[in-house]
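Reviewing the structure listed below.
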Amino acid sequence: MLSKKKNANEKEIVSTTYASRFFTKPVSRYHIPDEGMDADVVYQLIHDELNIDGNPALNLASFVTTWMEPQAEKLIMETLNKNLVDQDEYPQTGVIQERVINMLAHLFHAPTNKQSVGTATIGSSEAIMLGLLAHKWSWRKKREQQGKSTQNPNIVIGADVHVVWEKFARYFDVEMRIIPMQKGQYTLTVEDVKIRIDENTICVGAVMGTTFTGQLDPVEEVNALLEEIEKEKGWDIPIHVDGASGGFILPFLYPGFKWDFRLSHVRSINVSGHKYGLVYPGVGWLVMRDKSDLPEDLIFYVNYLGSEEATYTLNFSRGSAMVTAQYYNLLRLGRKGYRQIMENSLKNARYLASRISKTNYFELVNKDIKLPILALTVKKSVGFSVYQLSDKLRERGWIVPAYSLPANATDVEVLRIVIKENFSRDMADMLIEDMLRFTKELIGEKKTKQESNCKNQIHKNIC
Ligand SMILES: *Cc1c(COP(=O)(O)O)cnc(C)c1O
């Protein structure tokens with residue numbers, strides 16, 4: 001009896017995941033292994049391996065959501081196996097997508113006497129490509145009708161745009177007329193737009209929350225310019241607003257600020273659901289002001305899923321879970337909930353900004369913080385680079401990226417901090433204290449290095 005029991009115990013111990021033989025053998029990396037493994041073992045192996053990744057909660061580099069409510073996660077788990085494109089099989093998922101598009105069209109003040117259209121995308125990148133493609137098509141059609149050349153379309157944008165705009169231009173063969181930045185001016189100006197637009201301009205881009213500094217392009221002024229140009233020359237040039245981050249912030253924090261379809265030339269807007277829409281990656285949205293802004297040629301009708309469906313996306317299959325999760329957030333939070341979250345994030349961003357500017361080491365690039373995004377430089381006199389501080393912070397787990405601004409401001413190097421809802425006041429205090437501690441360390445290291453150089457008489461001129 002006794003020995004039998006002992007045997008059973010031993011077997012149990014031997015069969016625990018970490019006691020398995022797989023933990024002392026290399027895992028196949030580049031070839032599919034001939035034999036499979038125990039499910040618990042594979043789970044544990046991959047789970048442990050991923051611990052090398054940064055901690056999403058400390059990732060201040062990304063605009064993308066790193067926290068959702070457990071109930072949202074439950075819905076996500078329940079819908080992971082549904083393909084969004086299978087609208088015939090999953091009609092209610094399709095209905096939910098339509099509801100979200102309608103909610104966003106209202107949020108962005110789409111004219112109620114017109115029929116706005118939109119689509120869920122993988123993110124803002126796909127949404128921007130689709131929006132710009134629609135403008136390219138509309139422009140070409142208009143030119144054909146006028147019997148004019150359809151060669152050489154262009155877009156006019158600031159150098160403050162996200163790389164996806166450049167991708168669009170290259171992939172879809174459109175000339176980019178980039179407005180360079182200068183020291184102290186990190187958004188486009190209306191004068192710069194004016195000298196670059198012409199009859200071949202398919203659209204002007206305006207960014208609401210630039211990737212580099214979180215600032216806003218002067219979209220109201222650009223709109224006024226385009227209204228004037230239309231009267232003067234007859235060119236009807238649309239604006240595409242890149243609201244990847246700002247699209248879910250501005251309507252709640254500054255309801256009176258006009259950046260959306262209230263401006264006559266704004267014909268399309270993209271927003272990342274997975275940024276301040278507060279959904280996990282990958283969901284974005286494209287909303288067109290009016291059905292006529294989306295050329296019929298670009299819509300594909302497919303019937304191989306059962307009934308005829310219209311699609312306007314680059315990708316066919318995609319998960320539906322994040323679309324469902326977006327709907328969850330919109331219902332769960334309502335306008336009030338979104339406003340409160342954005343207010344909290346902005347308060348914490350401004351608090352962090354004020355603590356940063358009180359130090360003698362850093363300078364804020366955007367002093368007037370409208371969105372919860374900070375960009376700061378290390379003062380020249382301090383004597384170390386943003387890259388060194390970024391590395392030090394990384395050792396503690398904070399992920400704060402360092403980079404140079406676009407042309408012609410590439411000599412300005414910044415750290416960017418994106419404040420999200422799960423970044424508390426307490427974390428702001430911890431971050432600033434770490435920044436100060438590492439700053440002192442870096443200054444100390446520099447001093448010691450100088451002293452030892454002097455001792456060894458390497459750099460006589462600085463001793
Ligand atoms: C993040 C971002 C994008 C790209 O959006 P994804 O959702 O990551 O594809 C485009 N433009 C701006 C301004 C952004 O901040």
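Remember, it's 1-based here, ligands and their atoms both numbered in the order they're listed.
- Using a 4.0 Å cut-off to heavy atoms of Ile128, the atoms of ligand 1 that qualify are 10 (C).
- Counting only heavy atoms of the protein, atom 5 (O) of ligand 1 lies nearest to Ser124 CB, 3.1 Å.
- Nearest heavy atoms, Ala169 versus Met176: CB-CG, 3.1 Å.
- Within the set Gly123, Ser62, Ser125, the minimum heavy-atom distance to atom 9 (O) of ligand 1 is found for Ser125.
- Using modelled atom types and a 3.5 Å distance limit, the side chains of Glu363 and Ser357 yield no donor-acceptor pair.
- Ranking protein heavy atoms by distance to atom 10 (C) of ligand 1, first place goes to His162 CG, 3.3 Å.
- Relative to the six-membered ring of Phe63, Lys275 meets both conditions, a distance below 6.0 Å and an angle of at most 45° to the axis.
- Scanning the protein heavy atoms around atom 8 (O) of ligand 1, the nearest turns out to be His274 NE2, 3.9 Å.
- Distances below 4.0 Å separate heavy atoms of Val207 from the following atoms of ligand 1: 13 (C).
- In terms of protein heavy atoms, atom 13 (C) of ligand 1 is closest to Asp242 OD2, 3.3 Å.
- For Tyr186 and Phe212, the ring centers are positioned 6.0 Å apart or more.
- No donor-acceptor contact under 3.5 angstrom links the side chains of Tyr327 and Gln97, judged on distance only.
- Less than 4.0 angstrom separates some heavy atom of Thr211 from each of these atoms of ligand 1: 12 (C), 13 (C), 14 (C), 15 (O).
- Protein heavy atom in closest approach to atom 1 (C) of ligand 1: Lys275 NZ, 1.3 Å.
- A heavy-atom separation below 4.0 Å is found between Gly209 and ligand 1.
- By the criterion of a heavy-atom distance under 4.0 Å, neither the backbone nor the side chain of Thr210 is placed next to ligand 1.
- Relative to the ring axis of Tyr351, Arg425 places its NZ or CZ within 45° and under 6.0 Å from the centre.
- Within a 6.0 Å sphere centred on CG of Asp411, heavy atoms belonging to other residues, nucleotides or ligands number more than 12.
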ring-ring contact (aromatic ring centres under 6.0 Å, His included) evaluation trace for Tyr254 with Trp259: CA-CA 10 Å; Tyr254 315 103; Trp259 62 278; over 10 Å; no
